[in-house]
Each structure stands twice: as structure tokens, then as C-alpha cells.
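Below: one structure, written as C-alpha cells.
For the single chain, residues carry numbers from 1 onward in sequence order.
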Amino acid sequence: MSIQTRRLLGTSLLLTSLMFGASQALAEVVLHRGNSGEPQTLDQANTSIDIEAFILKDLYEGLTIYDAKGEIVPGAAESWTISDDGTVYTFKIRENAKWSDGSPVTAEDFVYSIQRVQNPETAAKYANILYPIKNAEKANKGEAKLEEIGVKAVDEKTLEVTLERATPFFLELLAHQTALPVSKASVEENGKDFVKPGVMVSNGAYKLESHVPNDNLVVVKNENHWDAANTQIDKVVFYPIDDQAASVRRFEAKEMDLVYNFSADQIDRLKDSYGEQVRVSPSASTYYYVFDTRQEPYSDVRVRQALSMAVDRDFLAEEIYSGAQLPTYSLVPDGLGGYEAAKADFAEMSQLDREDKAIELMKEAGYGEGGKPLNIEIRYNTNPNHERVATAVADMWKNTFGATVTMTNLDVASHYAYLQEGGAFNVARAGWVADYADAENFLGLNVSTNTSFNYGKYNNPEFDALMAKSYTEGDAEARKKILHDAEVILMRDQPIAPLMSTANLWLVSDRVSGWQDNAANEHLSRFLRVAE
């Protein structure tokens, strides 16, 4: 081989090497996320469940956000000040905060977004989360004009928010998906179509590329995000798979990097195989059954009490969830914001004593053996864990009362849509994860005027009065006592039967770094890294 040939070959090899290195450097970094179900919508004003929030918080950024540790940090607002009486918040929006179309994120966008959520015509499911803002509740109920809501654009990058009263957890409320902004220009131009791929304008670390319902949803890096330089993942693919076994198989085949909510009976096997990739972390949340109080026999407090007493929560937590859940007898998780939860009065009884008392109550109500037949349908969202819980509870009610129990299930979006739209039922599975560290977030679900989340239509004026009083009580300790008294009533009436304090179950591939377990269950893709 001549010297010239060797030189040409060397040059060719060098160019190939450089090109290969460049292609590696430019390789797209993709995160594959299993997301447990199809979102009902991508309109933040009409979402309410976590699988929607995971997507929306990648697409949009509120004034505040949760960091990787699950702590509140600045988001679209770089800073804020709070008045001495805690009722006026002044936010400075980042100068370099932009929408994905390159236009600036302004204070007026946030004014418009908050007014839009409170507009009765929007019918926002979670409008009440922003009720601490002055006149927000009145506007939402048609008792005040939208312009009277306590939000004002002082200038293009300064937003002033006035509250009805001091609300210590207000910054946490602003990180909720309901408080995520929309582009005023985009919504006014596109109407309901503003959520569609190719149309959506967002201000988060990612923008919507495509969405094939019940298949996948793809978001790609938003180059106009103020912190784009530190966002390492180029594309995130969300898979709405509610088949937990299928999700685990795809994780094991390395087709998915994250899996949310795998089957609890697989914990030991998965830990043996994947060790630290199996994440079981405490959550400020409650797994409960709700009774439709509009119809007999669930309108009878004795029937509700009896059904709740007959459920062996220890069995559910230990046998079905392999200890990944804890039995509970209160709606509010223990220790939330220093609040002392009120437990049902049968919490300290043995399970055998509970069952004896339950039989007695059911007979008093005229149902069960020797009385009217007890036919119960349990509704739950499609999920092997929920199916096993329902099957176990059905056996408990059959063995204790001679009840005939059937089960029906829907996908998660349809299940909650049915409940939120006021569909009739007997008993339904539900769960609640704290949006902010305050007991009101759980207890407020059962206020009679809460049309979105009071699934069983519980109505107790005494309970409502205490909840109303809690909103005007300025002393923190006195307020906790009022909330405790309200929960005492709730646990006495048992419109809901709290069953377990839940844990967050995730599979996290060893390809993923930056993951931190946290009770808020907040895991923005922008804080993660993926090793190819």
C-alpha cells in the first residue's frame, strides 16, 4: 500500500470517527414513561388526577413548581414578596420566561388563566383550589364579576394576587395543575383546540409533539423555556397503560424507563430482580371507598358504619399490598401539617368485635340475614390491585352479612369522570393525594357544595358549618381543632370508608438518574437524566 493510499485511508478513518462521535453527541435522549392511564384532557382547567398532572407539568410551568425533592421553588416567577398580613402576594415573572412560540409569558397571561378557571362557563373541576384568592369563589358561583377576582397585572412582568385571608399553603396551591397558565393569545385564537398537537402553546420545559389516544403521547424539549440549557432529556414518551402486568413486562424488556403503579404483589419478586430500581415511598394519600348517600341503603348511617367496620384493613394492607400500604381509620393522613387526624370510633376494636358490632348495626337497619337482601355493586378503576381489594372486600361483606356483591370497572379516566358527573352507584373506590400539606385538602372533599369530588353527595350541615368556620379562623391551632371536630363528624357518619394510607410505587430504570422519592410524588422530566 502506497504512502498516499495510507494517508487517504487514515483521513477517511479520521473523518468516520469524527462523524460517529458527532452523531453520538447529537443523539436524541429519550425518556419512556409508563403513565397508568389515558388523560381525560390536556386542558389544565378540567384535569384532576395525577396521570394528567405528570404530563401537564412537563408542558406548563406555574408561578411555583416542585423540584426533584418535592419542595416548592420558583417556577415562571423568579421571586415574590408577601405582605405583613399574608394576604397580598407580588410575583416577579422571569424576564426570559417565554411561550413555546417565542412570545413572552406575561402577568396578564396569569390573570387570564385564573379568571378562566373561575369562569362558571369553563366548569373547571378543581376551581375550588384557588378559592383563597379574593372573590374567586364568588366569581365561580356567578356572584361576582371575573374582573373582581383578586389578580392584577401591575406591569408586563409583575403579578399581584390578593387573598380573602392569609393562606399559609398558597404557594403550594400555585404549583397545582389547575394553576398552570395558558397562553391568552392561543386560547382566544384556537378555542378548545388549543390543547391539540401542532396548536398547543406551552411555557414548560417541553412542548406537545403528538398524541395518539390510548397509545402514546410525545413531548419534546421546548427550546424557548428559560432553563432549556439544563434540560437534558430531548423527548419524553408517555404510555397510558393501565395493564400493570404489561407495564412491568415492557420495563423488563427495557422498553420503558419509568413505570407508575405496578402490582403490589410483585414487590418482592421485582426487588429480588431489580433491587434499587423498585421504589416504594410514603405518600400523603388515602385509599378509600365512598358510599352513594342518595340512595338506600347507603343513605342509612348504620349501613355505612357496618360496611366500613366489616372491612379488615390489616388484611388488605399486608396480604394484598405486601405491606406497601398501611391500614387507616381516618381520611386525613397522620402528621399532615402537624394536624392530629380523627379516627373512626371502632379503630381500637379488634376485627372480631368490629364484625359483631357491624352485624348488630346491619340488623337494626333491617338488612342482611333475616332482613332485606343486601345487593352491593363495587365500582373501581381498572387495576389488578384495586380488583384484588374489591374481591377481598366482597368476600368480607358476603361472609359477615350474607351480601350479594358484584364488581364493575372502567379505565381510570372513565371511572372518575363517571363519579364527577354525578353518576349513581353503590360503593366506589377512590383515592386522594395531598395537593398541599393541610387537612382541609382532604376534608373539603366532603363539603356538600363540592360538586366535583363529593362523589357520594354527603350532606351534613354541621360538618359544612365547621368547614366554613375553619376558613375564617386566623389562629393556626384553633383552626386545626375545628378541622379535627369536622373529621370526627365525618368518621362518625362514614360517607367514606378510609381503608389505607397509600405508598407511591414506581419502577425506575438504572438508566435514569436524578430521581428522588418524595411524598408529593412530583417528578418533572426536566430534572431527570437518561444514560444511553
Side-chain angles (χ1 to χ4, degrees), residues 36-37 49-51 241-247 260-267 285-293 295 297-298 303-329 331 344 351 354-355 358 362 367-368 373-420 423-433 455-456 494-503 505:
S36 282
I49 53 180
D50 51 8
I51 61 171
I241 304 174
D242 56 13
D243 182 336
Q244 294 180 328
S247 291
Y260 180 48
N261 271 346
F262 57 87
S263 183
D265 66 353
Q266 296 293 304
I267 289 176
S285 58
T286 302
Y287 185 123
Y288 62 95
Y289 273 9
V290 57
F291 303 105
D292 190 338
T293 64
Q295 59 175 306
Y298 314 100
V303 171
R304 299 196 301 266
Q305 289 172 340
L307 291 173
S308 183
M309 285 182 185
V311 176
D312 186 343
R313 291 154 171 82
D314 292 300
F315 177 87
L316 301 181
E318 295 168 11
E319 298 300 324
I320 293 179
Y321 277 92
S322 304
Q325 319 285 344
L326 295 173
T328 190
Y329 302 88
L331 177 59
Q351 187 59 37
R354 287 179 201 148
E355 290 168 8
M362 193 65 79
Y367 289 90
L374 196 60
N375 299 308
I376 306 171
E377 180 186 70
I378 300 175
R379 301 182 70 96
Y380 63 93
N381 53 292
T382 308
N383 176 297
N385 291 333
H386 303 334
E387 181 179 7
R388 283 190 284 270
V389 168
T391 301
V393 171
D395 285 342
M396 294 169 192
W397 288 344
K398 178 181 178 181
N399 294 334
T400 306
F401 309 114
T404 299
V405 185
T406 57
M407 300 184 295
T408 186
N409 63 291
L410 294 169
D411 65 88
V412 63
S414 300
H415 173 73
Y416 280 108
Y418 182 85
L419 296 180
Q420 289 166 358
F425 62 95
N426 295 168
V427 183
R429 181 264 163 190
W432 194 260
V433 181
Y455 305 135
Q494 290 287 299
I496 54 94
L499 301 179
M500 293 171 284
S501 294
T502 59
L505 303 180

Taking ring-ring contact (aromatic ring centres under 6.0 Å, His included) as the test, write out the residues that go with Y288, two or more places apart. none

Between W397 and L374, does the side chain to side chain contact (heavy atoms under 4.5 Å, CB included) criterion hold? Intermediate values first, please. CA-CA 9 Å; W397 288 344; L374 196 60; over 6 Å; no

Would you compute the distance between atom CG of D314 and atom CD of E319 and round it to the nearest 0.5 angstrom? 10.0 Å

Residues in side-chain hydrogen bond (donor to acceptor under 3.5 Å, both in side chains) with D312, at least two apart? none

Without placing hydrogens or testing angles, list every side-chain donor-acceptor pair under 3.5 Å for residues 403-411, not counting sequence neighbours.
residue: N409; atom: ND2; partner: T382; partner atom: OG1; Å: 2.9
residue: D411; atom: OD1; partner: A413; partner atom: N; Å: 3.2
residue: D411; atom: OD1; partner: S414; partner atom: N; Å: 3.0
residue: D411; atom: OD1; partner: S414; partner atom: OG; Å: 3.3
residue: D411; atom: OD2; partner: S414; partner atom: OG; Å: 2.8

Within the 4.5 Å heavy-atom criterion, are M362 and V303 side-chain neighbours or not? yes

Hey, does the side chain of D292 reach the backbone of F425 with a donor-acceptor pair shorter than 3.5 angstrom? yes

Taking all non-hydrogen atoms of both residues into account, name the closest pair between Y418 and A424 and its distance. OH-O, 2.5 Å

List the residues meeting ring-ring contact (aromatic ring centres under 6.0 Å, His included) with Y289, not counting sequence neighbours, and say none if there are none. none

Can you measure from CE (M396) to CZ (F315) and round to the nearest 0.5 angstrom? 5.5 Å

Search all heavy atoms of A317 against all heavy atoms of P327 and return the closest pair with its distance. CB-CD, 3.7 Å

4.5 Å side-chain heavy-atom contact, Y260 and D50: yes

Is the closest side-chain donor-acceptor distance between S263 and R388 under 3.5 Å? yes

Separation of T502 OG1 from N385 CG (nearest 0.5 Å): 11.0 Å

Check side-chain hydrogen bond (donor to acceptor under 3.5 Å, both in side chains) between E387 and all other residues, then give those that pass, not counting sequence neighbours. none

Who passes side-chain contact (heavy atoms from CB on, under 4.5 Å) against S308, sequence neighbours left out? R313, F346, Q494, A497

To check you understand the geometry: which heavy-atom pair defines the closest contact between T293 and R304, and what is its length? CG2-NH1, 3.9 Å

Yes or no on side chain to side chain contact (heavy atoms under 4.5 Å, CB included) for F401 and L307, after CA distance, side-chain angles and deciding distance? CA-CA 9 Å; F401 309 114; L307 291 173; 3.8 Å; yes

Mind listing the closest non-hydrogen atom pair of P498 and L331 along with its distance? CG-N, 3.7 Å

Are the side chains of M500 and Y321 in touch, meaning some heavy atoms are under 4.5 Å apart? yes

What distance separates F262 CZ from L505 CG, expressed to the nearest 0.5 Å? 4.5 Å

Smallest separation among heavy atoms of G456 and V290, with atom names: N-CG2, 3.7 Å

Do H415 side-chain atoms and A428 backbone N/O form a donor-acceptor pair below 3.5 Å? no

Can you tell me how far the CG atom of D395 sits from the OG1 atom of T400, to the nearest 0.5 Å? 10.0 Å

Trace of the side chain to side chain contact (heavy atoms under 4.5 Å, CB included) decision for I496 with W432: CA-CA 12 Å; I496 54 94; W432 194 260; over 6 Å; no

Tell me whether the rings of F291 and Y298 are parallel (<30°), tilted (30 to 60°) or perpendicular (>60°). parallel

Distance col, row T391:OG1 vs H386:NE2, nearest 0.5 angstrom, shows 12.5 Å

For I378 and R429, what are the C-alpha separation, side-chain angles and deciding distance, and is it a side chain to side chain contact (heavy atoms under 4.5 Å, CB included)? CA-CA 7 Å; I378 300 175; R429 181 264 163 190; 5.7 Å; no

Is a side-chain N or O of N381 found less than 3.5 angstrom from the main chain of V412, in a donor-acceptor match? no

What heavy-atom pair brings Q244 and N383 nearest, and what distance separates the two atoms? NE2-ND2, 2.8 Å

